[in-house]
Protein chains: 4
Amino acid sequence: MPSPDPGRRNERSRRAILAAALELLGETTYAELTVEAIAARAGVGKQTIYRWWRGKGAVILDALSETAATDVALPDTGDLRADLRAVIRATVAEFADPRLSATTRALTIETLSDDALAEQVRDRLLRPQLDAVKARLRAAPEVRPGVDIDQAVELLFGPIYHRWMLRTGPLTESYADGLVELALAALR
Amino acid sequence: MPSPDPGRRNERSRRAILAAALELLGETTYAELTVEAIAARAGVGKQTIYRWWRGKGAVILDALSETAATDVALPDTGDLRADLRAVIRATVAEFADPRLSATTRALTIETLSDDALAEQVRDRLLRPQLDAVKARLRAAPEVRPGVDIDQAVELLFGPIYHRWMLRTGPLTESYADGLVELALAALR
Amino acid sequence: MPSPDPGRRNERSRRAILAAALELLGETTYAELTVEAIAARAGVGKQTIYRWWRGKGAVILDALSETAATDVALPDTGDLRADLRAVIRATVAEFADPRLSATTRALTIETLSDDALAEQVRDRLLRPQLDAVKARLRAAPEVRPGVDIDQAVELLFGPIYHRWMLRTGPLTESYADGLVELALAALR
Amino acid sequence: MPSPDPGRRNERSRRAILAAALELLGETTYAELTVEAIAARAGVGKQTIYRWWRGKGAVILDALSETAATDVALPDTGDLRADLRAVIRATVAEFADPRLSATTRALTIETLSDDALAEQVRDRLLRPQLDAVKARLRAAPEVRPGVDIDQAVELLFGPIYHRWMLRTGPLTESYADGLVELALAALR
DNA sequence: TGGTAACCGAGACGGTACGTCGGGTCTTGGA
DNA sequence: TCCAAGACCCGACGTACCGTCTCGGTTACCA
């Protein structure tokens, strides 16, 4: 495989590219984001982007992987309702925030367009959080035995995606709480 | 605004365009689909497309509106579990079918990219089905009073979207049935 | 042959491109001349250049064909020496003028790089002048019968090219006159 | 100017570069010849080329200087016609040979593009041969006194360049002989 | 029933970005 | 210190589509 030697890679350029990508994503639509603009903003040749990434999708995936990857912690206060409320409220807030949801939008589009990237998005960005919630659910005595934990976690996050994408309702704290109640009812 | 006179519209061209759009969508990605290709395939000038639609998104939305718009019926056998299973199984099957899910993918991308189209997608394509399910739920004595019907319906469809987009698990009949069980448990 | 329909061609653009090409050729080297710059200067899309020409070489060939193509007249005063002096002095002056020789340089380079263009350069730009001189020589009683007219004309122009390319001496009027004397001596 | 110390120069690399340049010149056009390709073919870093030469023009100039530089001898049999025929026939043959004329083409292009290189090409490659012919002419009693020897030599070589560049006729032995006759007529 | 105004197919146009190529410079590791 | 290797910034390449704009030709309404 004649891919470039990562040892020779210029760290300064790498950082500049990821930073530029995130900046531009905040200023325009994902569809309007261009590799050319990223290169220009980063003060970098286009080739340097294409040398290390397959396209803009891969760049922003990397950019976001870098910023995330730390907030996987999920509290276990012993009170499942409280813990779930915390995480679901946070998630709902993130989707409600136009700034943050721009990146989610970008990733979702890329997820739908490129199978290879979809895998990476799933594994590197989403999985950690989902796994944390799964672990919490598994440890909870309130959860009825026999419940499929994968489905349980989708019961919590799926509706948020749905409402966010289709804009069928507000993404508020009370919505989050209501969602938790429904889920708890399903799982107990 | 002197928008074109629909009376003069060439029905043959309209059909050819919608058909070509669907054909091409089956052959390539939505991202690779171009207005130029649609026009060529339909044997039509590009202007004829731009005269009647805002872009490729609007075209495929119309194309899909035409094919759908009929299967909104939802049976009311008196058995809520059976009725939900029917509709959820059908939905899951649609998402599992690569052919059909290509169009869903296209619509979802457009939904995420263009607010104006998102509204239309929601209202013309999704709402009818969601409304039918809502009506069924509202009429069901099994559903605990006080449950937010909007949330209830999202509890059914949200997880499917989630699993489909993130490819976190299989989209099978037994998955559909399990989902119905969880939802019923939440709503009763 | 799926080449574009010349009937649809935009005359304004065509002119702007040729003019821009000549302008730029006066400002920089032929090697530094780019299609992109021509397009920009002409206020034209690059595609419009590539639609009608094979590259920058073809463009400047066209540009020069347009400006030339008229000065083919050669006087016949009855005095061969005088007539040849006139034409050779003019040619030498053209090669001596840095402005004019820039275009000759460009054409010569292209001639050496691209066989197809070379033919056109020869036939459309050079041949008319050479033919005029040939006709004059053929009509001259001073010229010894049996002289190959093609070689005769090369005897006049070849040395000019040689001196110009290799910069082995000045390109002055007296040089021109000396050359005519030598040629006359050879032909009589 | 701290130009590199030639003492440290790697002779093996130097040779490999010049050889590669000549090889590639035989395989493609001069315009398509790239420094990158030379470096790759020679198994050498690009920097090693740029350290010692100004660009591809300088490299091939050096390559050709090496191969030439020896055939400057011009016979003096006492028979001017015979001697000129020998040298002009050889020159015409060289221009007629596609293999050899490729290098001439390259040099001519570079001569037209780069003044500094033009000087070197003239002095190191062409001058020796021209000087040899000039010496022969100067020594010839057949040549009419007062003839400008510089012009005389151009009268011999100029037409060949002209015919070769413009492809206006065949480059054969009989053409060479005819040219010699014309020149002799001019000089006597 | 002939005029005229809109539609239509075709496709050229000014643009923007694509992904690639090569130029010439700079950096790294090994000899 | 030089070398091979090759990453880097840069700029141009030639292509693909965008959405707009003619261009004739054909409908289909209206006088």
Side-chain angles (χ1 to χ4, degrees), chain A residues 2 4-10 12-14 16 32-40 42-52 54-56, chain B residues 2 4-10 12-14 16 32-40 42-52 54-56, chain C residues 2 4-10 12-14 16 32-40 42-52 54-56, chain D residues 4-10 12-14 16 32-40 42-56:
Chain A
D5 171 6
R8 295 212 173 281
R9 186 164 189 178
N10 184 333
R12 170 197 295 289
S13 296
R14 198 187 124 268
E32 288 165 347
L33 181 65
T34 65
V35 171
E36 213 142 55
I38 296 173
V44 140
K46 275 200 288 179
Q47 195 63 49
T48 301
I49 295 184
Y50 285 111
R51 196 181 347 260
W52 303 107
R54 291 207 309 101
K56 69 174 177 176
Chain B
D5 171 4
R8 293 196 173 277
R9 184 164 189 180
N10 184 333
R12 170 198 293 291
S13 296
R14 197 186 124 268
E32 287 166 348
L33 181 65
T34 66
V35 172
E36 214 141 55
I38 297 173
V44 140
K46 278 201 289 177
Q47 191 62 287
T48 303
I49 294 184
Y50 284 110
R51 190 171 4 249
W52 303 106
R54 290 207 308 103
K56 70 173 176 175
Chain C
D5 171 6
R8 294 210 173 282
R9 186 163 187 179
N10 185 333
R12 169 197 295 291
S13 297
R14 198 187 122 268
E32 287 166 348
L33 181 65
T34 65
V35 172
E36 212 142 54
I38 296 173
V44 141
K46 275 200 288 178
Q47 195 62 46
T48 300
I49 295 185
Y50 284 111
R51 187 166 13 245
W52 303 108
R54 291 206 309 101
K56 68 174 178 177
Chain D
D5 172 4
R8 296 203 169 271
R9 186 164 188 180
N10 184 334
R12 169 198 293 291
S13 295
R14 197 185 125 270
E32 287 165 348
L33 181 65
T34 66
V35 171
E36 212 142 57
I38 296 173
V44 140
K46 278 202 287 178
Q47 191 62 286
T48 302
I49 295 185
Y50 283 109
R51 198 180 345 260
W52 303 106
W53 292 276
R54 289 208 309 103
K56 69 173 176 176

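Both backbone and side-chain heavy atoms feed into the values below; hydrogens, waters and symmetry mates do not. Please read these numbers as outputs of a predicted model, since none were measured by experiment.
Taking the side chain of D:Gln47 as heavy atoms from C-beta on, and the options F:dG6, F:dT20, E:dC13, the nearest nucleotide is F:dG6. Each of E:dA17, F:dG19, E:dA12 was ranked by its minimum atom distance to the side chain of B:Val35; first place goes to F:dG19.
Relative to the six-membered ring of C:Trp52, C:Arg9 meets both conditions, a distance below 6.0 Å and an angle of at most 45° to the axis.
Taking only side-chain nitrogens and oxygens, A:Ser13 never comes nearer than 4.0 Å to OP1 or OP2 of F:dA7. Under 4.0 angstrom from either OP1 or OP2 of F:dC2 there lies no side-chain N or O belonging to D:Thr48. In this model, the phosphate group of F:dC8 is approached by a side-chain N or O of A:Trp52 to a distance below 4.0 Å at OP1 or OP2. Between A:Arg51 and F:dC8, a side-chain N or O to OP1/OP2 separation shorter than 4.0 Å is present.
The residue among C:Lys56 and D:Ala42 whose nearest nucleotide of DNA chain F is located toward the 5' end is D:Ala42. In terms of position along DNA chain F, the nucleotide closest to A:Val44 lies nearer the 5' end than the nucleotide closest to the other residue of the pair C:Thr34 and A:Val44. Comparing A:Gly55 and B:Arg9, the nucleotide of DNA chain E nearest to each residue sits closer to the 5' end for B:Arg9.
Put simply, CZ on D:Arg14 is 12 Å from P on F:dC3, counting in whole angstrom units. One atom, CZ of B:Arg12, and another, C1' of E:dC7, lie 14 Å apart when rounded to the nearest Å. As rounded to whole Å, 16 Å separates atom P of F:dC8 from atom OH of A:Tyr50. Put simply, CD on B:Glu36 is 15 Å from C1' on E:dC18, counting in whole angstrom units. Taking atom CD of C:Glu32 as the reference point, atom P of E:dG23 lies 15 Å away to the nearest angstrom. Atom CD1 in B:Ile49 sits about 12 Å away from atom C1' in F:dG19, given to the nearest Å. Note: CZ (A:Arg8) to P (F:dA5) measures 11 Å, nearest angstrom. For B:Arg54 and F:dC18, the CZ to P distance is 14 Å, given to the nearest whole Å.
In C:Arg12, the CZ atom is not crowded: 12 or fewer heavy atoms of neighbouring residues, nucleotides or ligands sit closer than 6.0 Å.
In this model, no side-chain donor or acceptor of B:Lys46 finds a partner on the base of E:dG9 within 3.5 Å.
Residues B:Val35 and B:Tyr50 form a side-chain contact, since some pair of their non-hydrogen atoms from C-beta on lies under 4.5 Å apart.
Closest non-hydrogen pair, A:Gly45 versus A:Ala39, comes out as C-CB, 4.2 Å.
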Verdict with reasoning, B:Lys46 to B:Ile49, per side-chain contact (heavy atoms from CB on, under 4.5 Å): CA-CA 5 Å; B:Lys46 278 201 289 177; B:Ile49 294 184; 5.8 Å; no
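Residue contacts shown for D:Gly43 are limited to sugar-phosphate atoms, with no base heavy atom under 4.0 Å away.
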